[in-house]
Each structure stands twice: as structure tokens, then as C-alpha cells.
Amino acid sequence: MDAKAYPKLSHACQEAGAPFPQRLIESHPRIAERIEATWGTREGTTELTNLVFSDRPNRAGFSFDVMRELFMLKELHEATYPHLSISPDDPFSSTVAEVTRADIERRREGSKGPGGSPADRWPIQAMDLSPKVSLSAAQSSTAVKAIAEKVSEKPEPPAVSPPWPMIASLNELRTLVERRKKGERLPQRDKRRILEILRHYMMLREEDIEIALKIQKQLSKKGMPIGKILLSMGFVKPETIVRVLCLQYGVLMVDLKRFQSVPEVMQKVPIDVARKHRAVPIAFLGGTLFLAVENPFEFAEREYFAFLTKAKIELVMATAAQISQWLADYGVVRSMHQGTQEFDALAQRALGKSMENVEEASKEEVEEAASDDSQNDASIVSLVNKFINDAAEVGASDIHLECFPMEPLARIRFRRDGRLEDYSQYSASY
């Protein structure tokens, strides 16, 4: 792609010693044209901010390299036009603009070779793509020196922080519910301030905290919470803030990786509804359906799920990654459960009696029933087709048909993701 077609972007990158955004132009030419057209204007600031930070659907199609170039362009724009980077909707954007300008100056100097000319590449690979805030070069030369030292210093070895308090199994949740019935209020609310909780459960650099407190002091009249400032600065993730709020308001957090799927509970919510609202039913205890969501404080469909399931709903918090994985397995678990029921129905008809009766019957009775129905090849074919199709549908790598001497029943197990899972049982004579 000819850089001459984008003179504004080309000039800005050349001045800063930054690489031309080739991947962005090749993959998203219309977006690149909008950036070029609005470069140096208030609209350009809004355009770049929306592309980098918004949840718009287009962002889902950006590759890592494209996102890296977008962050680089946003920094260049803020450093070149700091007066355009102060947004009326962002009360501390002036501080961010000053920080970005100081950071760009440092990168610009670092990108020059021995002769003073721009180096071959922008040191973008060492960047953290989350927005960072430090002190402005205009404030003092000492502050700029401190920034340079902070960037160049080696990362400190992480200390061991206590794990977030989470429910890790159905038994733990059942115990908690029983204790509630006895009058205990669980989980108990954490009365500490958000900064104290953050310091307890995660490692925060004291320098970062000091910067956030200075910004909060400047914005004290507007009542900006310290958590929101840390979040906007990129020092903590949204998930971390939700966890802190869960502790303060007494909302349960669960570890879905260690929770076992219960088909009867999952059947209470249709799979399409669960995926649409990103809500997963994990337990049904004492007339209450526990629903795992990413942010219980912003989940607006609680009443809808109560009407849908005819149950009281308690929202619990789980990470976005765990919910995504759970939803991916949601249909598989339901399919396994339904497939087992259908297989049992076929086996019952083939044997001429219920599986419970077969389990209690004598070996001679089972063999006699199986021998009578063995004449019906269609029954056998249906059973075999059923468990093979179900194994393929759930992604099983192996089918285990397990028979043992002197036992009237055998069983079928599927190996999926390295684990053997029970599917059903059938007459050993088959």
C-alpha cells in the first residue's frame, strides 16, 4: 500500500519514528481512510478512542497487530494534538493527555538511532496495550526522569496474594445454603475500602496508587471512585472491580472450573437463552436457582429468569472466560443426558422390561430376554447407532463397551477430553 495515499498518517509516523500502519490499511481500508480524513481534529480523537476502547462489534474483527497499530495511532494523535484529547465526557482526560505526550516523547527519543534519525522500528512490542497514566513532562523534569526509570526497570517478582474467596463445588454451596437456613448471613460483607481490598488480593504498584490518588484528589468535587480511576488507567481489570464489589455487597463468587454440570439443573434454562444472556444455571437448592453471570450488578434479566424458571433467582459471579467455556459445553452436557435417556428407552423396549428390573433380575432371565429380542436385528441396530451417533455428537475419542464375567449388565462409557464419562448400561448378553 502506497503511504502517499495517507499523507497525514505518513507524516505523523515519520516524525515519531513509528512504523506505518500497514496491517490496518490492508485489513480495514475504510477505517484507515476515516482516520486519515479526521486526523488532527476533535472527530479524529473520538474516532480513535471508539476504535480502541469501545465494545462496538467491528472491534471483534481486529487482529492483535491491527489493535497494536490503533493504539500507536491513538498515542501519536494525543501527543501531537493534546488540546484535542481533552474530552468533556472524561473528567481526567487532561491528565491522560499529558501522560501520553510524555510517554510519546520518551518513545520518540528511544526510537532514534545513533545518528539521531528514526530507528527501523517503533519499540511498540514492549508496550502494554492498556492505557497507562504517569506524570507530565511539563510538570517537572524530575517527574519525566522518574517515568523513564519506571519504564526501564525490571518487573518485580510477583508476591503470593491470597486467592479470592470462591465457592468451588456443589457441596460447598449446599453447605452454605444450610448455614443460611440456620440464620447465618453468608457470605459476610467485607467492610474495608476498595483500595484496601485491592491491596489485599492483588499486587498494585505503590507508584500507580499514588498517581490514582492524586487524580482522585483533583477530581474530588466530582466524587470519582478510586476503583473507577484505577480501571480507567488500566491498572486493574473490570473483572477485579466486580470481585471487590461482590465482597463489599456479600455476593457469591464461584469457580466454574471445579463445578460439576448437573443436567437436571441445566435443563431449567434453554441453551439459546443461556447463551443470549450469558447466564448459566449451576445449582437448584431450596427453591432457589443459582445463576452465574459476569457482573451481577449490571445483570438486568433477573426477573425474566425468575418468570422463566418459576424459581427464586440468586445471581453469583463467575469470570467471563469460565462462563464462555461453560456455555460451550452446555449443549454437550444436555445432549449427553438426553442421549442417555433415549438409549435407555430403546434398551427397555429391546429387553422387554425396565432397566431397573433388569438390574434386579437373575442372569438367566436377562439372557432369556436378550435372546428373545436378539431375533430383532432392528433393535440391536438402533442401540448401536444411537450410542455411536451420540459419541460423535459430543466429540468422544473412544467408546468403551465394558463387560465382566458373572455380571448381567455391561456399561458404555465415552472418553472425552481424556476422561471417561458414563453413558448407559445394557444387557451383557447383547
Side-chain angles (χ1 to χ4, degrees), residues 49-50 52-55 59 71 74 78 85-100 103 128-136 147 150 155-156 158-167 187-255 278 292-300 302 314-323:
T49 299
N50 289 340
V52 171
F53 294 117
S54 74
D55 294 329
R59 182 175 176 182
F71 268 94
K74 184 176 185 298
E78 291 176 349
S85 302
I86 302 175
S87 170
D89 299 324
D90 187 351
F92 53 91
S93 59
S94 59
T95 305
V96 176
E98 291 177 353
V99 170
T100 304
D103 192 48
D128 182 356
L129 296 186
S130 57
K132 296 293 181 184
V133 175
S134 53
L135 297 178
S136 169
I147 294 172
K150 176 182 176 181
E156 300 175 359
V160 178
S161 299
W164 295 93
M166 292 188 291
I167 298 294
Q188 295 181 352
R189 294 188 176 187
D190 194 326
K191 298 181 180 180
R192 293 176 295 177
R193 295 184 176 183
I194 184 171
L195 196 55
E196 295 175 2
I197 297 176
L198 286 173
R199 278 175 164 153
H200 181 76
Y201 286 105
M202 63 178 297
M203 295 302 298
L204 286 176
R205 296 173 61 94
E206 289 301 320
E207 300 93 322
D208 296 340
I209 295 176
E210 290 177 5
I211 294 171
L213 291 174
K214 288 180 180 179
I215 294 177
Q216 186 187 43
K217 186 176 180 180
Q218 294 174 1
L219 305 172
S220 57
K221 294 182 180 180
K222 298 185 180 180
M224 176 70 72
I226 188 66
K228 188 172 183 180
I229 294 175
L230 291 169
L231 177 63
S232 301
M233 294 166 68
F235 295 150
V236 298
K237 298 179 180 179
E239 173 191 309
T240 304
I241 299 299
V242 174
R243 287 191 183 279
V244 173
L245 293 176
C246 286
L247 290 178
Q248 290 183 327
Y249 286 89
V251 177
L252 287 173
M253 293 182 283
V254 296
D255 183 2
R278 292 186 60 78
V293 297
E294 297 171 30
N295 190 341
F297 306 99
E298 295 183 357
F299 190 77
R302 184 176 196 158
E314 178 169 344
L315 300 178
V316 299
M317 183 266 177
T319 65
Q322 290 183 356
I323 287 179

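FYI, the numbering just counts along the sequence from 1. All values reported here derive from a predicted model rather than from experimental measurement.
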(request) Check step by step if side chain to side chain contact (heavy atoms under 4.5 Å, CB included) holds for R199 and E206. (result) CA-CA 10 Å; R199 278 175 164 153; E206 289 301 320; 3.2 Å; yes

Might you point out which heavy atoms bring [X] and [Y] nearest each other, and give the distance in Å?
X    : Y    : result
P187 : L252 : CD-CD2, 3.5 Å
V254 : A318 : CG2-CB, 3.9 Å
M253 : P165 : CE-O, 3.4 Å
V244 : L198 : CG2-CD2, 3.6 Å
L315 : P296 : CD1-O, 3.7 Å
V251 : V316 : CG1-CA, 4.5 Å

(request) Report yes or no: does Q248 contribute a side-chain atom to a donor-acceptor pair with the main-chain N or O of R192 at less than 3.5 Å? (result) yes

(message) Is it the case that the side chain of R278 and the backbone of A320 share a donor-acceptor pair, with hydrogens and angles ignored and the cut-off at 3.5 Å?
(response) yes

(message) So, using side-chain hydrogen bond (donor to acceptor under 3.5 Å, both in side chains) as the criterion, who are the partners of E314 when residues are at least two apart?
(response) R180

(message) Within a 6.0 Å radius of atom CZ on R193, are there more than 12 heavy atoms belonging to other residues, nucleotides or ligands?
(response) no

(message) Looking at F297, I'd like to know if its CZ atom is crowded, meaning that more than 12 non-hydrogen atoms belonging to other residues, nucleotides or ligands lie closer than 6.0 Å.
(response) yes

What's the separation between atom [atom1] in [X] and atom [atom2] in [Y], rounded to the nearest 0.5 Å?
X    : Y    : atom1 : atom2 : result
L231 : I226 : CG    : CD1   : 11.5 Å
M202 : K237 : CE    : NZ    : 8.5 Å
R189 : L247 : CZ    : CG    : 12.0 Å

Is a salt bridge present between [X] and [Y], judged by a nitrogen-to-oxygen distance below 4.0 Å?
X    : Y    : value
E207 : R205 : yes
K191 : E196 : no
K214 : E210 : no

(request) Carefully, step by step, assess L195 and L230 under the rule side chain to side chain contact (heavy atoms under 4.5 Å, CB included). (result) CA-CA 10 Å; L195 196 55; L230 291 169; 4.1 Å; yes

(request) I would like to know whether M317 and E239 meet side chain to side chain contact (heavy atoms under 4.5 Å, CB included); could you show each step before the answer? (result) CA-CA 10 Å; M317 183 266 177; E239 173 191 309; 3.8 Å; yes

(request) Please lay out, stage by stage, how I194 and I241 fare under the test side chain to side chain contact (heavy atoms under 4.5 Å, CB included). (result) CA-CA 8 Å; I194 184 171; I241 299 299; 4.2 Å; yes

